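Data block below; observations after.
Note that the coordinates shown come from a computational prediction; the quantities given were computed from them, not determined experimentally.
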Amino acid sequence: MTLTVTWRTWRIALVGLVCQSLGIGLLALFSFYVEPLAQEFGVGVATINVGAVFMLVAPAFVGPLIGRFLDSYSIRNIMLVGATLAATGLVGISRSPSLVWAALAFFGYAAGAVCYGPLVTNSLLVKAYPPPRVGRALSIAAIGTSVGSILSPFGAAWLLNHYPWRESLVVLAGLLFALVFSVVRLGLPATLPGTPGSESATEREAGRSWLRHRAFWLTGVSVAIIFNGALMVGVTYAPHFSSLGFGINDTAVFIACGGIAGFAAKLGVAAFADRFRARIRLVAATIAALGASGFLLLMFADNYPVIVLATLVIGGAGGAFIPLHPFINSVYFSAGIMGLSLIH
């Protein structure tokens, strides 16, 4: 299978790549702000780490609403609103006088990231590309999370070495807004798939019947454990490795290893997902088992090689599930209800 990428054919997928690199791809970056925030507001590191829950809670609150909008309204406009909200949230964190205000601002950032993150981009890609290309398109976009995971730790280290943490967040907000807004505005066509009224009564009934299908829940549980688990672990990497005696540069290397493994896993999904369409649930179960073994390995890792291996396994499993989740849904759902089907 040829993985040649051309701008004309894969423009929407490449826009998704950029958006995902600046959404979930930035999550590892925030682990570098845990200790500065804890010192600023006089709380423990564990308290700041609770903020990572917002990255999971925000989709739970915003996802169902966005899922319905995706099947009826302009996806490009939703993504532009998300970029504005996310950048505003970062500026809000930098100007917060208390931890409560910082938490509210971070929730705003997380809600904005949902609007241009995997839920929205994956819905767009499933609508835009036919089955022979959908697996590859989803994987191209999902590579963005690996790009972000590889580059953001070094970017965070550079920002914090040159600016106080508050000013560094303002710089980050400006870069995020400029990149996401310009790429979405210029890269996506004015008329996108999934126009209002595309969800038919037959499709809605199919969606409701799928809620009673065991594969729906098996997929949801796998995603919740492996993908969301990888997100939570990624946020706690920096303080955890610091407690083991590793410095900021070593931590950046560990996180980058996970990003590289995720990158490779997404290429694998791009190459083989369409080929294994009939056995995709077995593939998902195997990746879930590997991810669980990575979590167990990290629990007992206390030296450089074992930590690298653990982050490779966790990063690879979590990375594979980013394109695999919407691909599995595309096997069972029609494009007209893709926004609703992806909210689980």
Under 3.5 Å donor-acceptor, Arg76 side chain and Val184 backbone: no
No-hydrogen, no-angle side-chain donor-acceptor test under 3.5 Å, Thr121 and Gln20: yes
same_hphob_cluster(Leu151, Ile143) at 4.5 Å side-chain heavy-atom cutoff: yes
Test log, rule side chain to side chain contact (heavy atoms under 4.5 Å, CB included), inputs Leu14 and Ile140: CA-CA 7 Å; Leu14 292 172; Ile140 289 172; 4.0 Å; yes
Atom pair CE/CG of Met79 and Leu124 - distance to nearest 0.5 Å: 6.5 Å
Partner set under ring pair (Phe, Tyr, Trp, His ring centres under 6.0 Å) for Tyr33, not counting sequence neighbours: none
Nearest non-hydrogen partners of Ser94 and Trp165, listed with the distance: CA-CZ3, 4.4 Å
Nonpolar side-chain network containing Leu309, other nodes, edges under 4.5 Å: Leu297, Val306, Val313
Within-4.5 Å side-chain heavy-atom neighbours: Tyr304 and Val253: yes
Test side chain to side chain contact (heavy atoms under 4.5 Å, CB included) applied to Ile255 and Thr251, step by step: CA-CA 6 Å; Ile255 296 174; Thr251 298; 3.9 Å; yes
Heavy-atom donor-acceptor pair, Ser152 side chain to Gly155 backbone, under 3.5 Å: no
Which atom of Ala137 lies closest to which atom of Leu125, heavy atoms considered: O-CD1, 3.6 Å
Connected via hydrophobic side-chain network under 4.5 Å: Trp10 and Val183: yes
OH/Tyr163: more than 12 non-hydrogen atoms of other groups inside 6.0 Å: no
Heavy-atom closest pair, residues Ala86 and Tyr109: O-CD1, 3.5 Å
Nearest non-hydrogen partners of Leu176 and Ala87, listed with the distance: CD2-N, 4.3 Å
Selection residues 32-46 - residue pairs positive for salt bridge (charged side-chain N to carboxylate O under 4.0 Å, His left out), sequence neighbours left out: Glu40-Arg166
Atom pair CG/CD1 of Leu17 and Ile12 - distance to nearest 0.5 Å: 14.0 Å
Separation between CG of Leu99 and CG of Leu37, rounded to the nearest 0.5 Å: 7.5 Å
Closest approach of Ala317 to Gly291 (non-hydrogen atoms, all atoms of both residues): CB-CA, 3.5 Å
Test log, rule side chain to side chain contact (heavy atoms under 4.5 Å, CB included), inputs Val114 and Val120: CA-CA 7 Å; Val114 171; Val120 176; 5.7 Å; no
Path from Val170 to Ile93 over hydrophobic side-chain contacts below 4.5 Å: no
Shared hydrophobic cluster for Leu85 and Leu80 (ILVMFWY, side-chain gaps under 4.5 Å): no
Value rounded to 0.5 Å, distance of SG in Cys19 from CG in Leu188: 7.0 Å
Residues which pass ring pair (Phe, Tyr, Trp, His ring centres under 6.0 Å) with Phe241, listed by chain and number, not counting sequence neighbours: Tyr237, Phe254
Side-chain donor or acceptor of Asp250 paired with backbone N/O of Phe246 under 3.5 Å: no
Option from Ile78, Val180, Thr84 for which side chain to side chain contact (heavy atoms under 4.5 Å, CB included) with Cys115 holds: Ile78
Atom pair CZ/CG of Phe106 and Leu90 - distance to nearest 0.5 Å: 8.5 Å
Non-hydrogen atoms of Phe32 and Pro36 that approach each other most closely: O-CD, 3.4 Å
Euclidean distance, Phe177 CZ relative to Thr88 OG1, rounded to 0.5 Å: 8.0 Å
Worked check of side chain to side chain contact (heavy atoms under 4.5 Å, CB included) between Glu167 and Leu159: CA-CA 9 Å; Glu167 284 73 10; Leu159 284 172; over 6 Å; no
Same apolar cluster (I L V M F W Y, side chains within < 4.5 Å links), Phe154/Leu175: no
Test ring pair (Phe, Tyr, Trp, His ring centres under 6.0 Å) applied to Trp158 - qualifying residues, sequence neighbours left out: His162
Fellow cluster residues of Met299, listed by chain then number, with links counted only when side-chain atoms sit under 4.5 Å apart: Leu296, Phe300
